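Sending over a structure as structure tokens; questions will come in a sec.
Indexing begins at 1, ligand by ligand and atom by atom, following the structure's order. Keep in mind that what you see is a predicted model, and the values were worked out from it rather than measured.
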Amino acid sequence: MTQEPVNERATAAASGAAATRRFFADRQGARPGADQERVHLLVSEILKGVHETIRRHKVTYDEYDALKAWIISVGRDGEWPLFLDVFVEHVVEEVANADREGTKGSIEGPYYVPNSPLLPAETALPMRTDEAGTRLLFRGQVANVAGKPLANAHIEMWQADHYGLYSQFAEGIPDWNLRGTIATDEQGRFKISTIRPAPYQIPTDGACGRLIAAAGWHAWRPAHLHLLVSAAGYSSVLTQLFFRGDQHLKDDIASAVKSELILDPVPAQDGSGHEVTYNFVLAPA
Ligand code: MBD
Ligand code: FE
């Protein structure tokens with residue numbers, strides 16, 4: 001897939017501010033940990049790692065000042081949600097889901113919005129009449145680990161558009177564009193028309209972009225669908241699905257790709273774009 005220049009409408013400042021607001025709206029309970037021993041243990045160990053790196057590499061005052069300026073700018077640019085979700089969340093997810101049965105989890109990232117429009121099992125994600133991109137018919141079934149189909153399971157889905165932009169985080173896109181909550185039918189099935197998202201480049205004009213440039217890294221994530229699948233009595237799975245052949249499967253800046261989460265789309269039978277089947281498996285709560 002060719003990539004067009006992106007992100008003029010998803011500046012670090014705009015998407016960062018929206019992501020920060022969203023985080024506090026969803027996580028009113030997110031407060032510094034109450035467990036003093038745990039705070040002491042974890043913060044001491046992190047600081048020790050920093051101290052050891054400074055000694056081992058004889059970090060200079062110039063480097064220390066560059067770090068200080070950069071950390072201040074992460075906050076100024078509203079990019080703490082982005083930075084943490086790109087560079088840290090994948091390990092939290094790995095630990096949290098180490099013993100999960102069924103569908104593998106992946107990171108949430110900064111762009112989830114709860115309470116997206118409820119849609120039937122066979123549906124199209126909300127999109128603009130002239131929505132750009134290759135059509136994608138995404139279908140499958142939700143079942144439990146014993147193979148029993150789960151009727152009325154909810155598949156919350158959110159994705160970037162053809163230009164790598166997320167509604168509610170980039171300018172000029174309808175609020176619920178490419179976001180929806182699909183309820184499975186009696187057989188646990190779903191059939192969702194959408195478009196293939198584009199590979200996603202994190203904003204390059206803010207603190208995260210400056211770090212990436214300074215380190216000689218790249219800013220790309222492979223194209224992905226975000227999903228949160230839930231059913232009464234089952235443990236929800238928050239995950240992402242990727243596309244076979246994407247050039248960034250092996251070097252996702254957010255380290256979120258797992259081999260079990262790669263889709264193999266084929267040309268659609270009706271000749272309109274691609275179609276793919278993926279089945280979700282939930283474990284008891
Ligand atoms: C994304 O779209 C995303 O999914 C993550 C994890 C980080 C930045 C942008
Ligand atoms: Fe994403």
Side-chain angles (χ1 to χ4, degrees), residues 1 3 6-23 26-27 74 77-97 104-114 116 125 127 133 136 138 155-171 173 176-180 194-213 217-229 237-243 246-258 261-263:
M1 207 184 329
Q3 181 59 36
V6 292
N7 279 1
E8 286 81 14
R9 291 181 298 141
T11 59
S15 55
T20 300
R21 251 182 278 118
R22 187 72 259 156
F23 176 75
D26 291 353
R27 311 278 208 309
V74 178
D77 295 346
E79 285 204 323
W80 280 116
L82 180 68
F83 175 79
L84 289 166
D85 293 350
V86 166
F87 293 110
V88 181
E89 188 189 351
H90 68 98
V91 189
V92 180
E93 189 279 326
E94 175 190 314
V95 170
N97 286 326
K104 298 282 181 198
S106 187
I107 65 177
E108 176 177 333
Y111 303 141
Y112 170 67
V113 183
S116 60
L125 273 194
M127 65 179 92
L136 177 69
F138 172 59
I155 300 171
E156 290 182 64
M157 193 169 157
W158 67 105
Q159 63 171 93
D161 67 11
H162 180 64
Y163 304 102
L165 301 172
Y166 283 89
S167 59
Q168 302 191 41
F169 297 89
E171 301 293 313
I173 302 175
W176 297 103
N177 209 61
L178 299 175
R179 296 175 182 276
T194 183
I195 53 125
R196 281 184 67 140
Y200 177 87
Q201 189 178 32
I202 70 165
T204 50
D205 66 321
C208 290
R210 283 197 300 282
L211 170 64
I212 285 164
W217 302 338
H218 70 77
W220 292 96
R221 297 212 61 217
H224 56 278
L225 305 171
H226 290 273
L227 300 130
L228 174 54
V229 183
V237 62
L238 201 165
T239 193
Q240 299 187 16
L241 292 172
F242 304 91
F243 296 86
D246 191 299
Q247 61 174 315
H248 291 297
L249 290 177
K250 289 227 160 62
D251 64 358
D252 179 5
I253 185 72
S255 311
V257 180
K258 299 181 186 182
L261 301 176
I262 300 174
L263 298 171

### Query
Step by step, would you call Trp217 with Leu211 a side chain to side chain contact (heavy atoms under 4.5 Å, CB included)?
CA-CA 8 Å; Trp217 302 338; Leu211 170 64; 4.2 Å; yes

### Message
Within this structure, what is the OH-CG distance for the pair Tyr111 and Leu82, rounded to the nearest 0.5 Å?
### Response
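With rounding to 0.5 Å, OH (Tyr111) is 5.0 Å from CG (Leu82).
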
### Query
Around the Fe ion (ligand 2), how many protein N/O/S atoms fall inside 2.8 Å?
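That number is 3, waters not included.
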
### Message
Angle between ring planes, Tyr200 versus Tyr166, binned at 30° and 60°: parallel, tilted or perpendicular?
### Response
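Plane angle over 60°, so perpendicular.
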
### Query
Nearest 0.5 Å, what's the CG-CZ distance between Leu225 and Phe242?
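Here the interatomic distance stands at 9.5 Å.
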
### Message
Tell me if a side-chain donor or acceptor on Gln201 pairs with a main-chain N or O of Gly164 at a distance below 3.5 Å.
### Response
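A pair under 3.5 Å: no.
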
Could you pull out every N or O of ligand 1 that sits under 3.5 Å from a protein N or O, with the distance for each pair?
{"residue": "ligand 1", "atom": "2 (O)", "partner": "Tyr166", "partner atom": "OH", "Å": "2.9"}
{"residue": "ligand 1", "atom": "2 (O)", "partner": "His224", "partner atom": "NE2", "Å": "3.4"}
{"residue": "ligand 1", "atom": "4 (O)", "partner": "Arg221", "partner atom": "NH1", "Å": "2.9"}
{"residue": "ligand 1", "atom": "4 (O)", "partner": "His224", "partner atom": "NE2", "Å": "3.2"}
{"residue": "ligand 1", "atom": "4 (O)", "partner": "His226", "partner atom": "NE2", "Å": "3.0"}

### Message
Check this for me: does any side-chain nitrogen of one of Glu93 and Lys258 sit under 4.0 Å from a carboxylate oxygen of the other?
### Response
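Salt bridge flag = yes for Lys258 with Glu93.
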
### Task
Pick out which of Asp246, Asp251, Asp252 makes a side chain to side chain donor-acceptor pair (under 3.5 Å) with Arg221.
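Only one option passes, and that is Asp252.
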
### Message
A quick test of your reading: do over 12 heavy atoms of other residues, nucleotides or ligands sit less than 6.0 Å from NZ of Lys104?
### Response
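No, not enclosed.
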
### Query
What is the ring orientation for Phe83 with Phe87, classed by angle as parallel under 30°, tilted 30 to 60°, or perpendicular over 60°?
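It falls in the tilted class, 30° to 60°.
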
